[in-house]
Amino acid sequence: MLRLNFSIATTMRTCMVVLVLATAPGWLFAGDSKISPEATQILEKSMAYLSGLQRFGLVTDMSMEVVLDTGQKIQFDNSAKAAVMRPDRFYAARLGDLVSQEFFYDGETLTLYDAGTGYYSTVDAPDTLEGMLDFARDSLDIVAPAGDLLYSNAYEILMEDVMSAFVVGESFIGGVVCDHLAFSKPGTDFQLWTARGEQPLPLKLVITSSDVVSAPQFTVLIREWDIEPGISQETFDFAQPEDAQAIEFITLDPTGN
């Protein structure tokens, strides 16, 4: 049987911290549905820095919550690594509870390969990274790991329909000092942790589906950034394994079905 090892003193200290945070000025923005200029400035700086990188690599750990009919939450995890070369190259590999797949985008085609089944599928794709991400989401129901952060206009995308935004405070992710930001829009809340300093990279993203029963969350922890990667063209080219079999993508109609 699992036991909680928190003492009464620890619990009281935790409650006091929560009370202090709940009455801090920055938290008032959430209740008043206001947007803090400081929060938006930090977000804009982070996204501008990321969109200015012409090539980079990242390694992430992701967790997705699923709510059962009983109301119980089940969490599924996966890890991913990705490489980006703007304006038209992308590679990602995901390994986890639900998926084990690789994505290859070379500026002309998008290929999804599943090593577990030995199947792959290739389809013509738009000639920009942003166009490919839109096409993959809208037509193939494929979402890249932390995909919204990869757009050149990521700030505008994240701020669309935002009703409130505020700085929660200073935080630490992997020992790195961060600004912890919180945003709310209809049906969705999200939190973002961005590193302070000359390289204000996002280090953690939590998305909460506030319009779904039990408010399941999707968490992305970016545990490694490489802003000077030795990426070659071959990284984005799919080399068909000898025993792999080609199949066709099932595309969605314009209504998403």
Side-chain angles (χ1 to χ4, degrees), residues 55-68 72-85 88-126 129-151 173-174 190 201-209 212 216-226 229-252 256-257:
R55 58 176 65 191
F56 58 87
L58 66 158
V59 178
T60 69
D61 291 323
M62 293 177 284
S63 295
M64 179 179 66
E65 290 183 342
V66 174
V67 182
L68 304 181
Q72 181 180 2
K73 289 185 180 181
I74 302 297
Q75 190 175 82
F76 296 96
D77 297 322
N78 69 81
S79 297
K81 61 179 180 179
V84 173
M85 184 184 296
D88 57 3
R89 298 290 188 275
F90 177 76
Y91 167 79
R94 294 196 287 200
L95 177 64
D97 299 336
L98 301 178
V99 293
S100 296
Q101 301 169 333
E102 286 184 277
F103 304 83
F104 300 83
Y105 169 62
D106 61 5
E108 297 180 356
T109 62
L110 172 64
T111 298
L112 172 62
Y113 172 59
D114 190 317
T117 63
Y119 293 122
Y120 74 92
S121 187
T122 299
V123 64
D124 291 337
L129 174 63
E130 290 80 7
M132 181 277 293
L133 292 171
D134 288 341
F135 169 73
R137 182 192 64 239
D138 298 336
S139 298
L140 306 178
D141 199 24
I142 296 174
V143 179
D148 284 350
L149 303 180
L150 305 180
Y151 285 81
I173 301 295
F190 70 94
L201 290 163
L203 298 182
K204 183 179 178 181
L205 172 66
V206 175
I207 302 173
T208 304
S209 299
V212 176
Q217 292 185 323
F218 176 70
T219 302
V220 181
L221 177 65
I222 305 175
R223 54 187 171 88
E224 182 179 329
W225 281 99
D226 185 355
I231 304 175
S232 64
Q233 174 60 46
E234 288 73 22
T235 301
F236 310 98
D237 295 334
F238 174 64
Q240 178 185 339
E242 185 176 343
D243 57 350
Q245 300 181 50
I247 60 174
E248 293 187 4
F249 277 114
I250 297 176
T251 57
L252 303 175
N257 299 313

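Note that these values count all heavy atoms, side chains included, but never hydrogens, waters or copies made by symmetry.
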Separation between CD of Q245 and CD of Q240, rounded to the nearest 0.5 Å: 10.0 Å
Within a strict 4.5 Å, meaning less than it, do heavy atoms of the F90 and L110 side chains meet? no
Which distance, rounded to the nearest 0.5 Å, do you find between the CG of L221 and the CD1 of I173? 6.5 Å
Test your reading of the model: is there a side-chain donor-acceptor pair from W225 to the backbone of L203, 3.5 Å cut-off? no
In terms of heavy-atom contacts, does CD of E108 have more than 12 from other residues, nucleotides or ligands at under 6.0 Å? no
Is the closest side-chain donor-acceptor distance between S79 and D61 under 3.5 Å? yes
Could you measure the distance from the OG1 atom of T208 to the CZ atom of F218? Nearest 0.5 Å is fine. 12.0 Å
Main-chain N/O of D106 paired with R89 side-chain donor or acceptor, under 3.5 Å: yes
4.5 Å side-chain heavy-atom contact, L201 and F56: no
Do L129 and D88 touch side chain to side chain, with heavy atoms closer than 4.5 Å? no
Spacing of OG1 belonging to T60 relative to NZ belonging to K204, to within rounding of 0.5 Å: 13.5 Å
Between Y91 and F104, ring centroids under 6.0 Å: yes
Run the side-chain contact (heavy atoms from CB on, under 4.5 Å) check on F135 and V123 step by step: do they pass? CA-CA 11 Å; F135 169 73; V123 64; 3.8 Å; yes
For G57 and P229, work out which heavy atoms get closest and say how close. N-CG, 4.1 Å
Of all heavy-atom pairs linking G147 and L133, the shortest is O-CD1, 4.1 Å
Heavy atoms from other residues, nucleotides or ligands near CD of E248 exceed 12 (cutoff 6.0 Å): no
Hey, could you give me the CZ/CG distance between R94 and D114, rounded to the nearest 0.5 Å? 11.0 Å
Do you know which of T219, D77, N78 makes side-chain hydrogen bond (donor to acceptor under 3.5 Å, both in side chains) with S63? D77
Check: I247 main-chain N/O paired with S121 side-chain donor or acceptor under 3.5 Å: yes
Closest contact, heavy atoms only, F236 versus A83: CE2-O, 3.6 Å
Are there more than 12 heavy atoms of other residues, nucleotides or ligands under 6.0 Å from atom CZ of F76? yes
Counting C-beta onward and ignoring hydrogens, is there a side-chain heavy-atom pair between D134 and Y151 closer than 4.5 Å? yes
Stepwise side-chain contact (heavy atoms from CB on, under 4.5 Å) check, I222 with L149: CA-CA 11 Å; I222 305 175; L149 303 180; 4.2 Å; yes
Inter-residue atom distance R223.CZ - K81.NZ, 0.5 Å rounding: 11.0 Å
At their closest point, which heavy atom of A244 faces which heavy atom of Y120, and how far apart are they? CB-CD2, 3.8 Å
Taking the side chain as C-beta and beyond, is there a heavy-atom pair between L205 and D148 under 4.5 Å? no
Looking at every heavy atom in both P126 and G131, which two are closest together, and how far apart are they? CG-O, 3.4 Å
